[in-house]
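For reference, the structure discussed in these notes is given below.
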There are 2 protein chains.
Amino acid sequence: MTSERGKKLSDEPALRADAQKNRELILSAAEELFLEKGAGVPLEEVAKRAGVGIGTLYRRFPTREALLAATSNERFLSLAETSRARDPDLTPGDAIRAYLEELARNTSTYQSLAASIGTVIQCGTPGCNAITAEGHRLLQRGQEAGTIRRDVTYEDFIYVVTAISIAMENDRSSKSRIGHLVDLFLNGINVKGSE
Amino acid sequence: MTSERGKKLSDEPALRADAQKNRELILSAAEELFLEKGAGVPLEEVAKRAGVGIGTLYRRFPTREALLAATSNERFLSLAETSRARDPDLTPGDAIRAYLEELARNTSTYQSLAASIGTVIQCGTPGCNAITAEGHRLLQRGQEAGTIRRDVTYEDFIYVVTAISIAMENDRSSKSRIGHLVDLFLNGINVKGSE
DNA sequence: TTATAATACGGAGGAAGCCTCCACTTGACA
DNA sequence: TGTCAAGTGGAGGCTTCCTCCGTATTATAA
C-alpha cells in the first residue's frame with residue numbers, strides 16, 4: 001500500500017552497538033524464514049527466531065516491505081553491479097534481457113514476494129536505489145540506440161517482473177518459463193520485431 | 001491459494017427458499033462492499049450488511065474467492081458473450097487485445113482483486129468457465145491463423161492481466177495505461193512484429 | 001393438517017496476526 | 001562513575017478469520 005516509510009537513506013544517526021547487533025540478528029532470521037516460508041511469514045516468528053522482542057523488530061523495520069528490502073539489499077547491489085559490469089559486452093536488448101531475467105529470478109527467491117516487489121523496490125535502500133538506477137540506465141541506452149520503443153517506461157519493467165514472478169509462484173515447475181516470458185516482453189518492446 | 005473448493009457446477013441439490021433468498025442478500029451486499037472498500041473487505045461486514053450470520057455466509061461461499069467469483073459472474077458472462085459476438089469483425093490479434101483490455105479493466109473494478117484474479121477465475125462458476133473458454137478459443141484462433149506465437153499459453157494471458165491490474169492498483173493515475181501495456185504484450189506475442 | 005427429517009441459521013468463541021505503548025535496561029560519553 | 005539518550009521486550013488491544021453446534025425453518029410424506 002503505502003511506501004513512503006522505511007527511509008534508509010544515510011542521514012541516519014548511526015546505531016548503538018547493541019542495536020546494530022540486533023539489527024543483524026533480525027536480518028538473518030528474516031532471511032531464513034522468508035526462504036523457508038515465504039515473504040508472508042508472521043513477523044512475530046521472525047522476532048522470536050532472532051531472539052528479540054517484536055517491538056525491537058518494528059522499531060528497526062516499520063513495515064514488512066522495509067524488512068524485505070533490507071534482506072534483499074545485497075542481492076540487489078550485486079545484481080546492479082553485475083549488470084553494469086557486463087554491459088559493454090552485450091547489445092542493449094540483451095543487457096535488458098539479462099537484467100529482467102535476474103530480477104525475476106531474484107523476486108522468486110521468496111514465495112509471495114511477487115505482488116509487492118513494486119513497493120519493495122521503492123524502499124530507498126542502497127540496493128533498491130542501485131537496481132532502479134541501473135534499470136533506468138539500460139532503458140535509456142536501449143532507446144538511444146533506437147532498438148527500444150520510446151513509449152516504454154521503467155515501470156513497464158517492473159510490471160513485467162511482477163507478471164513473471166507471479167507466474168513462477170503459480171507453477172513452481174516453470175522456472176524455465178522466465179526466459180520465455182522475458183522473451184515475449186522483449187519482442188514487444190523492440191522497435192522492430194527483431195529476435 | 002487453494003482453488004478446489006467452491007464447486008458451483010450444476011450438480012447442486014437446489015437451495016431451500018430461505019437459503020436462496022439469503023444467497024442473494026449476501027451477493028448484493030458483497031457487490032456493494034467490494035465496490036466501496038475493495039476485495040479485501042472483512043467478510044463479517046458483508047454478512048452484517050446482508051443481515052445474515054457469518055456462518056451463513058461461509059456455508060454458501062467457503063472462500064473469499066468463491067464470493068468474488070459469484071459477484072463477478074454476470075460481468076464475466078457478458079464479457080465472454082461480447083467477445084464472441086464481435087469476433088467476426090476483428091482480426092485475431094485485435095480480438096485478443098479487446099479481450100485482455102476488458103478483462104484487465106474488469107479486474108480493476110474491485111480494488112485489491114488483482115492479486116487473486118488468477119485463483120478467482122478458476123472457481124468454476126458459469127462466468128469463470130465462459131471467460132476461460134473464450135480466452136482459449138481466441139488464443140487458438142490466433143495461433144491457427146499464424147499470427148500468434150505457438151509458445152504462448154492461456155496462462156500467459158492471465159499473468160499479463162494480473163500484472164496490469166496490479167500496476168493499476170499501485171498507480172491509480174494509470175488507468176489509461178491498460179491499453180499501452182496490453183499493446184506491449186500483443187506486440188510481443190505476434191509472430192512478426194506486426195501492428 | 002401435522003409430524004419428521006433434512007436443511008439452514010447465527011453468533012459465540014478460539015486462533016492468529018498486527019502494531020503500539022511504556023516501564024525498564026543498557027551503552028556512550030563527559 | 002553518573003547521566004541520559006537510545007534501545008528493549010512483551011503485554012495487550014484490535015482486527016479478521018473460520019468452525020462448531022444448539023436452535024429454527026422448510027419441504028414432504030402421511
Side-chain angles (χ1 to χ4, degrees), chain A residues 1-8 11-27 29-30 33-34 36-68 70 110-112 115-116 119, chain B residues 1-8 11-27 29-30 33-34 36-68 70 110-113 115-116 119-120:
Chain A
M1 302 288 145
T2 63
S3 63
E4 289 80 333
R5 298 150 106 192
K7 48 191 164 184
K8 189 125 310 286
D11 55 351
E12 309 208 323
L15 293 179
R16 228 168 65 172
D18 53 345
Q20 178 62 35
K21 196 195 68 191
N22 280 339
R23 190 187 128 91
E24 270 145 34
L25 288 174
I26 292 168
L27 279 179
L33 282 166
F34 287 154
E36 282 172 32
K37 310 196 176 183
V41 72
L43 295 181
E44 318 240 359
E45 206 173 330
V46 174
K48 187 177 295 173
R49 180 164 312 186
V52 306
I54 185 64
T56 299
L57 185 151
Y58 273 101
R59 185 168 337 88
R60 211 51 68 203
F61 304 101
T63 64
R64 183 181 295 274
E65 283 72 30
L67 183 53
L68 284 164
Y110 305 148
Q111 182 75 6
S112 311
S116 52
T119 306
Chain B
M1 301 289 147
T2 64
S3 62
E4 288 79 332
R5 297 151 104 191
K7 46 193 163 180
K8 191 126 308 285
D11 55 351
E12 308 209 323
L15 293 178
R16 227 169 65 175
D18 53 346
Q20 179 59 37
K21 195 196 69 192
N22 280 339
R23 192 187 128 89
E24 269 145 34
L25 288 173
I26 291 168
L27 280 178
L33 281 165
F34 287 154
E36 281 172 33
K37 310 196 176 180
V41 71
L43 295 182
E44 319 239 0
E45 206 173 329
V46 174
K48 188 177 295 173
R49 179 163 313 185
V52 306
I54 185 65
T56 298
L57 186 151
Y58 272 100
R59 185 169 336 91
R60 210 53 66 205
F61 303 101
T63 65
R64 182 181 296 274
E65 284 72 30
L67 184 53
L68 284 164
Y110 304 149
Q111 182 75 9
S112 309
L113 173 54
S116 52
T119 305
V120 169

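Chain letters run A, B, ... following the sequence lines, proteins first and then strands; every chain starts at 1.
Among the nucleotides C:dC18, C:dA12, D:dG10, the one closest to any side-chain atom of B:Ile54 is C:dA12. Taking only side-chain atoms of B:Glu44, from C-beta outward, the nucleotide of C:dA12, D:dC17, C:dT20 with the closest atom is D:dC17. In the set C:dA8, D:dG7, D:dC17, D:dG7 carries the atom at the smallest distance from any side-chain atom of A:Arg60. Picking from D:dG9, C:dC18, C:dA12 the nucleotide with the shortest atom distance to the side chain of A:Tyr58 gives C:dC18.
Judged as a side-chain hydrogen bond (donor to acceptor under 3.5 Å, both in side chains), and not counting sequence neighbours, A:Lys48 has no contacts. The side chain to side chain contact (heavy atoms under 4.5 Å, CB included) test applied to B:Glu24 returns B:Gln20, not counting sequence neighbours. With sequence neighbours excluded, no residue forms a side-chain hydrogen bond (donor to acceptor under 3.5 Å, both in side chains) with B:Lys21. Considering only residues two or more places apart in sequence or on other chains, A:Arg16 meets the side-chain hydrogen bond (donor to acceptor under 3.5 Å, both in side chains) condition with A:Asp18. For the side-chain hydrogen bond (donor to acceptor under 3.5 Å, both in side chains) test, residues two or more places apart in sequence or in another chain that qualify with B:Arg49 are B:Glu32, B:Glu36.
Going from atom NZ of A:Lys21 over to atom P of D:dG7 covers 14 Å, rounded to whole Å. The separation between B:Phe61 atom CZ and C:dA8 atom C1' is 14 Å, rounded to whole Å. In this structure, CD of B:Gln20 is placed 16 Å from C1' of C:dC9, rounded to the nearest angstrom. One can place CG of A:Leu25 at 10 Å from P of D:dT8, the figure rounded to the nearest angstrom. Atom CD of A:Glu65 is separated from atom C1' of C:dC18 by 13 Å (rounded to the nearest Å). Rounding to whole angstrom units, CG of residue B:Leu67 and P of D:dC17 are separated by 11 Å. In this structure, A:Arg49 places its CZ atom 20 Å from C1' of D:dG9, rounding to the nearest Å. Atom CZ in B:Arg64 sits about 9 Å away from atom C1' in D:dC17, given to the nearest Å.
Contact annotation: B:Thr56 does not reach the phosphate of C:dA8 (side-chain N/O to OP1 or OP2, under 4.0 Å). Side-chain nitrogen and oxygen atoms of A:Arg59 include none within less than 4.0 Å of the OP1 or OP2 phosphate oxygen of D:dA6. Proximity of A:Asn22 to the phosphate of D:dG7: no side-chain N or O atom is located under 4.0 Å from OP1 or OP2.
Scanning all heavy atoms of the two residues, the minimum distance from B:Ala70 to B:Phe61 falls at CB-CE2, 3.7 Å. Taking each heavy atom of B:Gly40 and B:Arg64 in turn, the nearest pair found is C-NH1, 3.5 Å.
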Review item, nucleotides 27-30 of chain C N/O atoms under 3.5 Å of protein N/O:
residue : atom : partner : partner atom : Å
C:dA28  : OP1  : A:Ala17 : N            : 3.3

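Comparing B:Ala14 and A:Glu45 by the nucleotide of DNA chain C that holds the closest heavy atom to each, the one mapping nearer the 5' end is B:Ala14.
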